[in-house]
Trainee: 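This is the structure I have questions about; it appears just below.
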Amino acid sequence: MQYNHQEIEEKWQKFWAENQTFKAENNSKKPKYYVLDMFPYPSGAGLHVGHPLGYIASDIYARYKRHKGFNVLHPQGYDSFGLPAEQYAIQTGQHPAKTTEANIATYRKQLDKIGFSFDWSREVRTSNPEYYKWTQWIFTELFNSWYNRDTEKAEDIATLEKTFNISGNTAVNAVSDEGILLFSAVEWQAFSKTTQEEILLQYRLTYLSDTEVNWCPGLGTVLANDEIVNGVSERGSHPVVRKKMTQWSMRISAYAQRLLDGLETIDWPQPLKDSQTNWIGRSQGAMVSFQVANGVEKTTAEIKLSYKELESLKVLRQNLSKAETVLWDELKNKKGAAKFRKKYTIGSFLVDYVCLAKNIIVDFSGKEDEAARTTYFANEGFNVVRFSNEAVIENVLQVVSKINAAIQFPKAIEKSATIAAVKLVADPFKIDVFTTRPDTIFGVSFMTLAPEHELVSKITTAAQKGAIETYIKATAKRSERDRMADVKTISGAFTGAYAIHPFSGAKVQIWIGDYVLANYGTGAVMAVPCGDQRDYDFAKHFDIPIPNIFENVDISEAAHAGKDGTKIANSDFLSGLKYKKAIKLAIFEMEKRGFGYGKINYRLRDAVFSRQRYWGEPFPVYYKDGMPQMIDVKYLPVVLPEVEKYLPTEDGKPPLGNAIAWAWDSRAKKVVGNEKLKNKTVYPLELNTMPGWAGSSWYFNRYMDATNTGAFASKESLEYWKEVDLYIGGSEHATGHLLYARFWQKFLFDKGIVPVDEFAKKLINQGMILGTSAFVYRATAFVKNGCSTEKSNDDVLDKIPTVLVSKNLFNSDDEFEAVVKNYLLDKGFLNPNFADLVMLVKTPIHVDVSLVNASDDLAIEAFKNHALNTEYKNAEFILEAGVYKVGREVEKMSKSKYNVVNPDDIVAEYGADALRLFEMFLGPLEQAKPWKTSGISGVYSFLKKLWKLYFNEAVFEVSKEKATKEELKVLHKTIKKVQEDIESFSFNTSVSTFMIAVNELTALKCNKRSILEPLLLLLSPYAPHISEELWRKLGNKESISAADFPVFDAKHLVESTKNYPISFNGKMRFTLELSLDLSKEEIEKTVLEHEKTIAQLAGASLKKVIIVPGKIINIVA
RNA sequence: GCUCAAGUGGCGGAAUUGGUAGACGCGCUGGAUUCAAAAUCCAGUUUUUUCGGAAGUGCGGGUUCGAUUCCCGCCUUGAGUACCA
């Protein structure tokens, strides 16, 4: 009986679908295992042979785990919102839902043919309202949350409002917008509702704000940073510009540190972790303030802190000095009336600690404005207790007891009459910089501000005004891309102003330059030319001094960026220290002297969440008095409205602006026609939609309970499945999907919605399958210039046909030309008189890979008749040995390169089992590797050989006889290897193992049931159809998928002899069969007496004999 | 520039803790079968050789009885990132 893959595969695919063989149970006594593939976007082009690679690997693992007794969840679905369907809709007017539906149908058909064990009863589609209802709900949850730095988690916004009502926002330690107004409880209560909402918006985890966004005019939408590659859009490669727009953003920056820390706990590929670490971009250093010489800010009479000061206050709370920490550890535990707060503002003064109930201020002594503080605090009715740093560190308990005494016995306060003393001291301008190398602060010889820096206009001297303005104008003209492309040109201008070095007091020049980015850090740098190459180049270019602060380092040619092993010099108290110690000491001194503090900076920015597109999740948001309002989960989903066209409106609004029914009736709680907007209780709905990553950031949780209508998933199912155990997908998602999904998971975890804060325990990036492109080499003829002829060039060229040259006929362009020329002369296409005038240039042309066989021979007639090759219909072929050999090159699989292979064709010709085996056989899962269809014949003949083992000619026949020792050895060797391979995800080697097993069993003429039955179980994860068929033929009634994996028994592999390799000086020279019972001495004796040993030694003296029993014998001469 | 990964026959790749380098498959060569082809089966296939051997895992060095594997330096290719202070 012949192996008929088409019949068998169709039969079993139907069986699995009808019997729901792979449906996972949410209630099971078996241990759970969750295997997931990254969410596919159903593109119109369908699958090529590279797409199923990861799916096959995960399917093998899922099937293996079922054999091992696990309750396996292995679902599949579609990330079905997205740009391509919408772009297609714009071009053709077809509704994206329709094209998406059609694409999914194609996709599904293709997937089904490969025999995956997906539980399709759990399929989800992000564009289904039943699904995006919950995406909208998560959005409202984010909106109703803020990030509490004290508890390090997201909390309900109500807890924040409560705090505001009790004590204002000064003591709140939250992640928020920059520059927040400080207010007291009384002030909060006095604010209008709208003002309160505006303030809350600055704290919410998703918020509306005017932000600089990446606007892509080509797509008519904004893009997130990860959607831009090399300055152009990832989809379609359109240019991107910076633009200020009101947009929804996600406060992912709140989770920067936790996203970093979480990487330690998950088993993901190192390169992927590295790229996330890189993207988050944590840098540890210091914030340092430089005063501007003579620059004075306007005096304000108002006793309120500026936004900037408030910001630094928040940071100060995070960066306590040692003494402050020690004392705080004692004070913070006080409860009730004696409760202390740290770094609190009283009037315009920042006090170290305060107990508001008892009117006690605890302050460190030695502050410059101590007298003014004392006066002010006394007038406000506070008792002030002062301690030195040293006193706290030496004996904190004594300090605490003094504070307790002050609480119990407050001093009578003498109110001073001189209230006028509370005038603010005029603040000079200062420039804040962030540096990762505070140890090099004595190397600062100038400062550079970004041209956009707010201080530039204020500090520029009259003399330099012209130069600065010219420079700013020039940089503004350059686009972001130009600035990125041109890193070499050094440009800048001097402001004429000077800053005071905070340690040395020296005057340093203040410059502006566009190598400093306005939107990173503070938009200003302290330039250390001896230690930073960009500062060095800048200083050299503008002739600014380059002081050397490194011991024994030459900086005459370049800056010295190395830090290990270099000692700091010429740096006052830092001299002689290595960088680690110097950094610590520098920060310590800055904090002590009050102009700087240690700080951690992150590169990660908040993610823009609005898209000006149609085909995405609508926001569950309407606007009342201009303020966004969330729609309650009870009334979700807010369904995407129909529109006439998918383009922006004439006045530039997003496509949803075209909808005629897009208003929210807040009474009826439903979407109504726009004409009702004149009613008082009807409000406009949000016109933006959510980005592609919204739906994919939580879908793995939905699969756990995909059809639940009452919750995004039930508590029980979330608790049972917990997280994905194995997640397989491409590395292109490293900084997009995988970072956002981790962020949402942590948020949902904080809110107690999901039980784990990392959604995927183990992740594998499958490598790309590349195409093997085929080329023919065309000769293009030219007539050389400069030689005048009576005949026109065209006459000569007209006679020359298109010529294609077989690959191995030339090694160089010159040889190529010679070959073609000889051919043309031979055949009379070229008049010998003009031969010298004609030049022939080689042009490689892609040819469709389906026209080439395994030996790289081109099917010439098929090539000529191919639809794409009409211009070669009459081409001449220069052959080698009667055939035309094509050139081969490995490239990305793409339509334009004619190297795309469709899995459907492979399945039709060789079967799904062969496809599955071959994809695995190509090489290690994680590696990129080229596809060459010819190789599949190897696995196909393997399947035929396997089939034959179960047949005696045409009859299915297995024997009940006892297996021989040899046969058992083959089986158990295979069990061991295959099990190890699957568990270490090296699927390629198990395919070889199967081949070896079948080759050996064929040689042994084995047809024993006791060998052939377990063999099917080993193979079943890889080639499930043929295994099911033979399993059934063996008389089994149940599907093979539920049967137990065979158990390896080491006793079958025990050997009595070993074919020892005999090495001389480490080189193997011959082998010798020896009993494993022999002692070392006996082995040595036998080997040394052997004639080949004597011949090999050839009289040389023996130095040493190394014997590793069971492994090797090495003779050293 | 920085970070990471990888370099083994004509090709994809194997060698899991340092122990017989090139398993398995493709391709190629020769043979059997066939009128012929496909399919199938058998033998061979790193290089070199005076047919005894000898050399060989990107290059140069080191550790070791022994290195594709560990260490140091370099070269090449690929991926990510990029004026990040």
Side-chain angles (χ1 to χ4, degrees), chain A residues 229-230 269-279 281-283 285 433-437 440 448 483-484 486-488 490 513-517 519-528 531-535 537-538 561 601-603 731-732 734-735 765 767-768 772 853-856 888 890 917-918 921-924 926-942 944-945 948 977 980-981 984 986 988-996 999 1059-1071 1095-1096 1103-1108 1110-1117:
Chain A
V229 178
N230 296 327
Q270 199 53 42
L272 197 161
K273 288 188 184 182
D274 289 346
S275 97
Q276 290 211 350
T277 307
N278 216 321
W279 193 261
R282 181 187 204 263
S283 51
V433 296
F434 177 73
T435 175
T436 54
R437 295 292 303 274
T440 62
T448 316
R483 265 170 87 162
M484 266 169 64
D486 178 23
V487 183
K488 296 247 161 61
I490 296 160
D514 67 5
Y515 79 95
V516 177
L517 304 177
N519 53 7
Y520 182 76
T522 61
V525 299
M526 58 173 228
V528 184
D532 181 289
Q533 195 56 43
R534 284 158 306 150
D535 295 343
D537 295 340
F538 196 86
N601 234 19
Y602 298 93
R603 198 177 70 117
S731 55
E732 67 274 16
T735 48
N765 284 132
M768 214 190 309
T772 312
N853 75 3
S855 312
D856 294 350
R888 290 287 201 172
V890 172
L917 284 168
F918 186 54
F921 187 61
L922 282 177
E926 300 92 331
Q927 232 169 68
K929 56 240 157 197
W931 174 276
K932 235 180 142 180
T933 304
S934 55
I936 203 168
S937 63
V939 293
Y940 190 59
S941 48
F942 154 74
K944 285 191 284 190
K945 257 193 214 171
K948 272 194 197 158
K977 176 80 175 137
E980 280 168 3
D981 282 347
S984 60
S986 63
N988 54 327
T989 47
S990 17
V991 180
S992 311
T993 307
F994 291 132
M995 290 175 174
I996 293 167
N999 288 345
N1059 195 20
Y1060 277 99
I1062 315 295
S1063 304
F1064 291 80
N1065 297 322
K1067 295 265 174 209
M1068 203 280 289
R1069 291 308 176 215
F1070 61 93
T1071 57
Q1096 192 61 232
K1103 285 200 187 119
K1104 204 172 174 185
V1105 178
I1106 286 147
I1107 294 163
V1108 185
K1111 281 240 159 116
I1112 197 171
I1113 295 154
N1114 190 17
I1115 296 162
V1116 187

Trainee: Answer yes or no: does a side-chain N or O of A/Asn999 lie under 4.0 Å from OP1 or OP2 of B/G25?
Mentor: yes
Trainee: Please report the distance, rounded to the nearest Å, between CE in A/Met1068 and P in B/U46.
Mentor: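 To the nearest whole Å, that distance equals 14 Å.
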Trainee: Using the glycosidic torsion, which applies to B/G9: syn (within 90° of 0) or anti (everything else)?
Mentor: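 This nucleotide is in syn.
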Trainee: Does the structure show a Watson-Crick or G-U wobble partner for B/G12, both distances under 3.5 Å? Name it, or say none.
Mentor: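 Looking at the geometry, B/G12 pairs with B/C24.
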Trainee: Mind checking if A/Glu980 touches a base, just sugar-phosphate, or nothing, with heavy atoms under 4.0 Å?
Mentor: base
Trainee: What is the nucleic acid contact for A/Ile1106, judged by heavy atoms within less than 4.0 Å: base, sugar-phosphate only, or nothing?
Mentor: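 Touches a base.
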Trainee: Could you run down the sub-3.5 Å N/O contacts of the protein with nucleotides 52-60 of chain B?
Mentor:
from	atom 1	to	atom 2	distance (Å)
B/A54	OP2	A/Arg1069	NE	3.4
B/A54	OP2	A/Arg1069	NH1	3.4
B/A55	OP2	A/Arg1069	NH2	3.4

Trainee: Taking only side-chain N and O atoms of A/Asn988, does any of them lie within less than 4.0 angstrom of OP1 or OP2 on B/A14?
Mentor: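 So the side-chain polar atoms of A/Asn988 do come within 4.0 Å of the phosphate oxygens OP1 or OP2 of B/A14, strictly under.
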Trainee: So what does A/Ala527 touch, heavy atoms closer than 4.0 Å: a base, only the sugar-phosphate, or nothing?
Mentor: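 Contact class for A/Ala527: none.
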Trainee: Whom does B/C83 pair with, Watson-Crick or G-U wobble, provided both distances fall under 3.5 Å?
Mentor: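 Here B/C83 is not engaged in any pair, so there is no nucleotide opposite it.
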Trainee: Heavy atoms under 4.0 Å, any strand shown: does A/Asn1059 hit a base, just sugar-phosphate, or nothing?
Mentor: base
Trainee: Within the structure shown, what part of the strands sits under 4.0 Å from A/Thr989 by heavy-atom distance: base, sugar-phosphate, or nothing?
Mentor: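 Contact class for A/Thr989: sugar-phosphate only.
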Trainee: Of the nucleotides B/G80, B/U81, B/U20, which has the atom closest to the A/Ile1112 side chain?
Mentor: B/U20
Trainee: Need one value for A/Asp274: base, sugar-phosphate or nothing, where a base atom within 4.0 Å counts as base even if backbone is also close, heavy atoms only.
Mentor: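 Counting heavy atoms under 4.0 Å across all strands, the contact made by A/Asp274 is with sugar-phosphate only.
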Trainee: A/Asp981 side chain: which of B/A21, B/C24, B/U16 is closest?
Mentor: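 Of all the options, the side chain of A/Asp981 is nearest to B/U16.
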Trainee: Any protein N or O atoms within reach of nucleotides 37-42 of chain B? Criterion: under 3.5 Å, listing atom names and distances.
Mentor:
from	atom 1	to	atom 2	distance (Å)
B/U40	OP1	A/Lys944	NZ	3.4

